[in-house]
Amino acid sequence: MARMRAVEAAVAILQREGVRHAFGVPGAAINPLYAAMSSNGSIEHVLARHVEGASHMAEGYTRAKAGNIGVCIGTSGPAGTDMITGLYSASGDSIPILCITGQAPVARLHKEDFQAVDIAAIAKPLTKLAVTVLEAAQVPGVFQQAFHLMRSGRPGPVLIDLPFDVQMTEIEFDPDTYTPLPAYKPTASRAQVEKALDMLGEAERPIIVAGGGIINADASEELVEFAETIGVPVIPTLMGWGTIPDDHPLMVGMAGLQTAHQYGNATLLASDFVLGIGNRWANRHTGGLELYRRGRKFVHVDIEPTQIGRVFPPDYGIVSDAGAALALFVEVAKERQTAGRLHDRKAWVDECAERKRTMLRRTHYDDVPIKPQRVYQDMNLAFERDTRYVSTIGLSQIAGAQFLHVFKPRYWINCGQAGPLGWTIPATIGVCVADPDATVVALSGDYDFQFMIEELAVGAQFNLPYIHVVVNNSYLGLIRQAQRAFEMDYAVQLSFDNVNAPEIGSYGVDHIKVAEGLGCKALRVQRPDELLPAFEEAKKLMAEFRVPVVVEVILERVTNISMGTELDNVVEFEELAVSPDQAPTAIALLD
Ligand SMILES: Cc1ncc(C[n+]2csc(CCOP(=O)(O)OP(=O)(O)O)c2C)c(N)n1
Ligand SMILES: [Mg+2]
């Protein structure tokens, strides 16, 4: 046993739970923890420029690699409230992050002390545990429990709030014998898997909906093996995109109201059975439930018991970790294969493949200003299979999901549920810290980019090279499009004549100068034929200077992107491809 400050025990636990990086902003009330990190020396700290940024960095860090848990740290009061959006984002997408805040001393909590706020109460609905630790001797147990909870069941964030005196108090703690608690993960039984496969066997046109739970469980290989064994097509959700490579013959598109393919929606509507694994029937995926459910049977596999039946009652539900369920699905499916008990699904798969080959949106345009579709087409040409994309929200994210290609799990890192503007830069920084050798490409609209633009300085300071494609329509594009229903174009303009940058006309903010001012490299693209050379130049600059490189593309101001309110009425505003040369990087045409 050894006597140490409670925060020294906390840092020793972080170390033993595998934490190697932390993202944060110090302040007086959290300085004891910083002192403990400084003397411990095992945790590299990345100094954010905004505390919300630190929370999104932690989330990007967790998402990049199986087993990672991002840690974000801030002081009392506004630092905690700044990180609330990060906690919301992480909880919505089932991502574990640990948020640590400083707090006023226990005896002054009730006295409206400077920057004392009940952050645990504020964070409660967004976390698996949010606690202000009032007894120093509880600090080790609270941290141990935090890691147990973050790793158990449906993953999610935890907030630990540490009053200044609690941090400073000496306690007895033995780091050498500290052991993480085992994580709890429910497992499907053989009888449950047999029953689900029986139901699937009775269907004529079954599909698998593959959710982000498969990525969280690191079980994408098992998913592909299962799909291949039973010969059933897969529709990944936005969070599950990458579980099966886009060019796999059984990947039949994404379905949904926005981030979806025409062929994905058509295939979902043609199906008569859906096996959902690690998904949550998000409304941007399902659209109206009456149409989504009509004429189909559903089996839902989820790690969290109370998720079964939350959105609609499935025909059968199984509570299981996606990885554990898939391992058993593969085992039972192989047995049935050997026994000749599986159906030949070839005609159904061919039908889905034909839709994937023919129901294409046009991407090849030569217009100036550039049409957004052309940007994604050229990104497909410029960036290799092993590119990790990061994006958040906006027409940019929606069109990105419609046109880009993803080939591996965790290579589409997207804030699916909360969609807070500003998430992209800090989340990308978290990804770069977690995987410094990866090729990382972020995608933002101009407004998302401006929200937390200061975080670019973190990328420059800590030498985190990545390419940030900023599609600039000088508009809150998604909201402008939504306002068509109100016949207005109100408070969504970002354009103005920048007195310092007449060369960009009325596009307003000079992103190049801002990015350069923050220590990054930046290029501006005005014409479609400049796109590919700019991406190549960006790769060179990234390698040479080891800082983020911004490629800003000046877009046409108004382009409506395909979306709708039901899976069968997604509105196509632009032309559909009528010949392969109009969609030259469409996945089914690439080979
Ligand atoms: C914090 C926050 N406030 C408001 C919104 C609503 N919102 C969603 S997209 C969007 C506009 C995005 O504009 P931009 O980033 O330029 O992307 P574009 O749609 O133009 O491609 C807004 C305001 C949001 N998602 N998050
Ligand atoms: Mg915009």
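All ligand and atom numbering here is 1-based and tracks the order in the structure. Start at 1 with the first residue, then count along the sequence. Values below: all heavy atoms of this structure, side chains included; hydrogens, waters and symmetry mates excluded.
Using a 4.0 Å cut-off between heavy atoms, Leu395 contacts ligand 1 through both its backbone and its side chain. By the criterion of a heavy-atom distance under 4.0 Å, neither the backbone nor the side chain of Phe449 is placed next to ligand 1.
Taking a cut-off of under 4.0 Å to the non-hydrogen atoms of Tyr447, the atoms of ligand 1 that pass are 13 (O), 14 (P), 15 (O), 16 (O). Residue Ser396 has at least one heavy-atom neighbour below 4.0 Å for each of these atoms of ligand 1: 17 (O), 21 (O). Listed by number with element, the atoms of ligand 1 under 4.0 Å from a non-hydrogen atom of Gly419 are 24 (C), 25 (N), 26 (N). Listed by number with element, the atoms of ligand 1 under 4.0 Å from a non-hydrogen atom of Asn473 are 18 (P), 20 (O), 21 (O). Each of the atoms 9 (S), 19 (O) of ligand 1 lies under 4.0 Å from some heavy atom of Gly394. Less than 4.0 angstrom separates some heavy atom of Gly477 from each of these atoms of ligand 1: 13 (O), 18 (P), 19 (O), 20 (O). With ligand atoms numbered from 1 in the order given, ligand 1 contributes 9 (S), 19 (O) to contacts under 4.0 Å with heavy atoms of Leu478.
Residue-environment remark: NZ (Lys124) stays at or below the threshold of 12 foreign heavy atoms within 6.0 Å. The environment of Phe573 atom CZ is dense: over 12 non-hydrogen atoms of other residues, nucleotides or ligands sit within 6.0 angstrom.
A donor-acceptor contact under 3.5 angstrom links the side chains of Ser562 and Glu572, judged on distance only.
Considering only heavy atoms from C-beta on, Gln483 comes within 4.5 Å of Val492 through its side chain. With contacts defined as side-chain heavy-atom distances shorter than 4.5 Å, the pair Asp366/His364 qualifies. Taking 4.5 Å as the limit, some side-chain heavy atom of Val550 sits within range of a side-chain heavy atom of Leu456. Looking at Arg280 and Thr237, their side chains never come closer than 4.5 Å, going by heavy atoms from C-beta outward. Within the 4.5 Å cutoff, side-chain heavy atoms of Phe23 are placed close to those of Val433. In this structure, Cys99 and Leu87 have side chains that are in contact, with non-hydrogen atoms separated by less than 4.5 Å. The closest side-chain heavy-atom distance from Gln417 to Tyr88 is below 4.5 Å.
In terms of protein heavy-atom proximity, atom 10 (C) of ligand 1 is nearest to Ile479 CG1, 3.6 Å. Among all protein heavy atoms, the one lying closest to atom 5 (C) of ligand 1 is Leu421 CD1, 3.7 Å. What sits closest to atom 17 (O) of ligand 1 on the protein, heavy atoms only, is Gly445 CA, 3.6 Å. With respect to atom 15 (O) of ligand 1, the closest heavy atom belonging to the protein is Asp448 N, 2.8 Å.
The Mg ion (ligand 2) has no N, O or S atom of Asp448 closer than 2.8 Å.
Side-chain atoms of Lys408 never come within 3.5 Å of backbone atoms of Gly242 as a donor-acceptor pair (strictly under, hydrogens ignored).
The O atom of Tyr475, the Mg ion (ligand 2) and the OD1 atom of Asn473 define an angle of 90° (nearest 10 degrees).
When you scan the N, O or S atoms of Asp446 for the one nearest the Mg ion (ligand 2), you land on OD1.
For the pair Pro420 and ligand 1, the shortest N or O to N or O distance does not fall below 3.5 Å.
Distances shorter than 4.0 angstrom occur between a heavy atom of Asp446 and an atom of ligand 1.
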